[in-house]
Amino acid sequence: MSDKTPIIELRKVDKSFGPIDVLHEISLKVHEGEVLCLLGDNGAGKSTLIKTLAGVHAPTRGEILMDGNPVSFARPKDAQEAGIATVHQFGGTFPLMSIGRSFFAGVEPTKGFGPFRVYDRKKANEIAVKAVQDFGITRIDDGDRLVGGLSGGERQSLAIARAVHFGARVLILDEPTAALGVKQAAHVLRIVNEAKRRGLAVIFITHQVMHAMAVGDHFAVLIRGAIAADFRKGEKSREEIADLMAGGESMADLEANIEGYMETHEGHPPAPAR
Amino acid sequence: MTDATRNNSGAGPGFAGLLGIFRRTEVGAFAGLLIIFVFFSYFGWDRNFLSPLGAASWLNFASTVGIIAIPIGFLMIAGELDISVGAMVPASKIVLAIAVGFFGLNIWIGILLTILIAGGIGWVNGMLVTRTNVPSLIVTLATLFAVGGLTLFFSILITDTTQLGLTDADTDAASEFIFGTYHTFRLGDENGLTLWQGVQSSVFIWLAIVAACYYFLHVSPWGNWVFALGGDKESARNAGIPINQLKIGLFMLTAVAASIVGISETVLSNSASTTTQFTMIFNTIIAVVVGGVLLTGGFGNVLGIAFGTTTLAIVQQGINYTTFDRNLSNLIIGVMLLIAVLMNETFRKMATNWSSAKK
Ligand SMILES: Nc1ncnc2c1ncn2[C@@H]1O[C@H](COP(=O)(O)OP(=O)(O)O)[C@@H](O)[C@H]1O
Ligand SMILES: [Mg+2]
């Protein structure tokens, strides 16, 4: 796979907020049909990294490439138009709107002509329901239902289905399973696998080993804003990954390693461990 | 939406059916209107509550509140508020009276000028709210006083008085017909059946605005933007909705609606006063809340607002045509408002709380 051009690639991306350096020389690649699990403790810089990808922050240094071409996003809208969709923990949708209406917010389908165009409720509902059902959420069958009446997992699924429907190629999920029960989380993981099967590049942030193992092809561990480890599925045992994620011994080793290295190398992080 | 309640009730279909009233808050608003109407009709039977003149009294009152309440409702759905309307109504009256009564401009030019100035003030409200992120309650509280002060200042400066008038010659038949006269409609001759009597032009303006705004909010594709804006501002922005322009537009609409009420009252009574209408602020907000719009934004219905307005008007004005003591009307309104808020809140909870214990 390494000879193919990744959909999205970061090359030595730094991000500072004034004097505070949050990200250090982040280099990452995500190919189509691949799930990158971004692991790391609270405050490691995961959210900052994905916000940089999503056009919320501009990188201080370094490059973001899509399909091998450098891109820069001034606003989140630019990133979205380039096909990068972010789905937040609570789905980021409108609780008091119907499924159909929230699915098409901003791009409402209409019928009729000119100033007499009217919102096409039937079409909106049909397309929205079909889009979620195609992702395997068959419980959603009525587009008039309010989004707030859906479970957390269903809401996430709706948001993901929406992103894919509107042409997302890179899907960024910031702890989508954190607030969910076992069954609901399983829903979301199934959707992530389906998105992968459809050829999307997925960046998945999670704290749960089981969830990471269930969908991840590729893992990157972020410590203090630098990539401390970068490995593919199968290159590390489940125990090693669990230990890394739980902040166990190997995590402590990595952390000590990184700190020492950056101190003696003018703030440059070491090459990621394999 | 059926399923939303089914998920939450957990009991048999009867229970869910009983709670069905919460599914759409405008249905609750209609039920409230019906109860108040039947109640007042019964106790006002001998006092002409239902006579054409009695009905006109509460319909006329409803129209002036209702014209403003609908755009206020839009703002509340979008998560904002506008209390500057209390000063916009007298400001518009004074602008029109100065332009037409004092400077002798043609009535239509005066009306146009009034609407333009109102639109400008609405634009200022919108710009201040979108640019500063100060809560709209505070921004419009500031413009309420600022506009009130300017109205008084210019009125004294230009005309040396706070009470202005128009003469009959200042208005023409068309402007009176559209903005300010009493309409009566009988079937046949003098002794025919009176369908309506003493109904102000503003009632018909209100009905037209209800129809146009219903179309905008619930039928046209743009209504969705208002709900999205009130539901989650960031998501709405990310969905490509021009949220700032939309908000500014809604503030302008509200100010223009207030100016139409001012114009209508001035043409009707041929007089204008600078007095700030604080009760208009309360009445519009009560009408909107009783009409089922959620204080938290994101949900509401134009028909619901019209029902809420009518309910308020019946209690405020209709009470004069019943055997109740007039002083009780504010008590009834207070209780009504409380019940409405509780029902709206119950609706919101039921619609947004998914319980994993179900199914
Ligand atoms: N806008 C900002 N300005 C200054 N510091 C920030 C800003 N955003 C994040 N940070 C800092 O960057 C670090 C990483 O935060 P974040 O990306 O949210 O971590 P994570 O998502 O991994 O928990 C934190 O120390 C945080 O305080
Ligand atoms: Mg975070």
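Chain letters run A, B, ... following the sequence lines, proteins first, then strands; residues in each count from 1. Computed from a predicted model, the values in this text were never measured in an experiment.
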Margin query: I'd like to verify something: which residue of Gly143(A), Pro109(A), Gly106(A), Ser102(A) has the highest number of heavy-atom pairs under 4.5 Å with chain B?
Written below: Gly106(A)

Notebook entry, point to check: Does the Asn224(B) side chain pair with the main chain of Arg101(A), one donor and one acceptor, at a distance under 3.5 Å?
Noted result: yes

Notebook entry, point to check: Tell me the ring-ring contact (aromatic ring centres under 6.0 Å, His included) pairs involving residues 114-173 of chain A, sequence neighbours left out?
Noted result: Phe103(A)-His165(A), Phe103(A)-Phe166(A), Phe104(A)-Phe166(A)

Next item on the list: Could you tell me which of Ala236(B), Gly223(B), Pro221(B) has the largest number of non-hydrogen atom pairs under 4.5 Å with chain A?
Entry: Pro221(B)

Checklist line | Inter-residue atom distance Leu146(A).CG - Arg348(B).CZ, 0.5 Å rounding | finding: 12.5 Å

Notebook entry, point to check: Within a reach of under 6.0 Å around CZ of Phe282(B), are more than 12 heavy atoms found that belong to other residues, nucleotides or ligands?
Noted result: no

Margin query: Surrounding CZ of Phe17(A) (heavy atoms of other residues, nucleotides or ligands, distance under 6.0 Å), is the total greater than 12?
Written below: yes

Check: Applying salt bridge (Lys or Arg N to Asp or Glu O under 4.0 Å), which residue pairs with at least one partner in residues 158-169 of chain A are found, sequence neighbours left out?
Finding: Asp67(A)-Arg169(A)

Margin query: Using a 4.5 angstrom heavy-atom cutoff, name the option from Leu294(B), Thr296(B), Ile241(B), Val219(B) with the most pairs to chain A.
Written below: Val219(B)

Next item on the list: Check the surroundings of atom CH2 in Trp222(B): do more than 12 heavy atoms from other residues, nucleotides or ligands lie under 6.0 Å from it?
Entry: yes

Notebook entry, point to check: Closest approach of Phe94(A) and Ala228(B), non-hydrogen atoms and distance?
Noted result: CE2-O, 3.4 Å

Next item on the list: Return the option, out of Gly231(B), Ala239(B), Gly297(B), Gly230(B), with the maximum number of heavy-atom pairs under 4.5 Å with chain A.
Entry: Ala239(B)

Margin query: For Trp225(B) and Glu108(A): C-alpha separation, side-chain torsions, deciding distance, then whether side chain to side chain contact (heavy atoms under 4.5 Å, CB included) applies.
Written below: CA-CA 9 Å; Trp225(B) 297 7; Glu108(A) 294 76 10; 2.9 Å; yes

Check: For Leu96(A) and Gly298(B), which heavy atoms make the closest approach, and how far apart are they?
Finding: CB-O, 3.8 Å

Notebook entry, point to check: Taking atom NE2 of His218(B) and atom CZ of Arg121(A), what is their separation to the nearest 0.5 Å?
Noted result: 13.5 Å

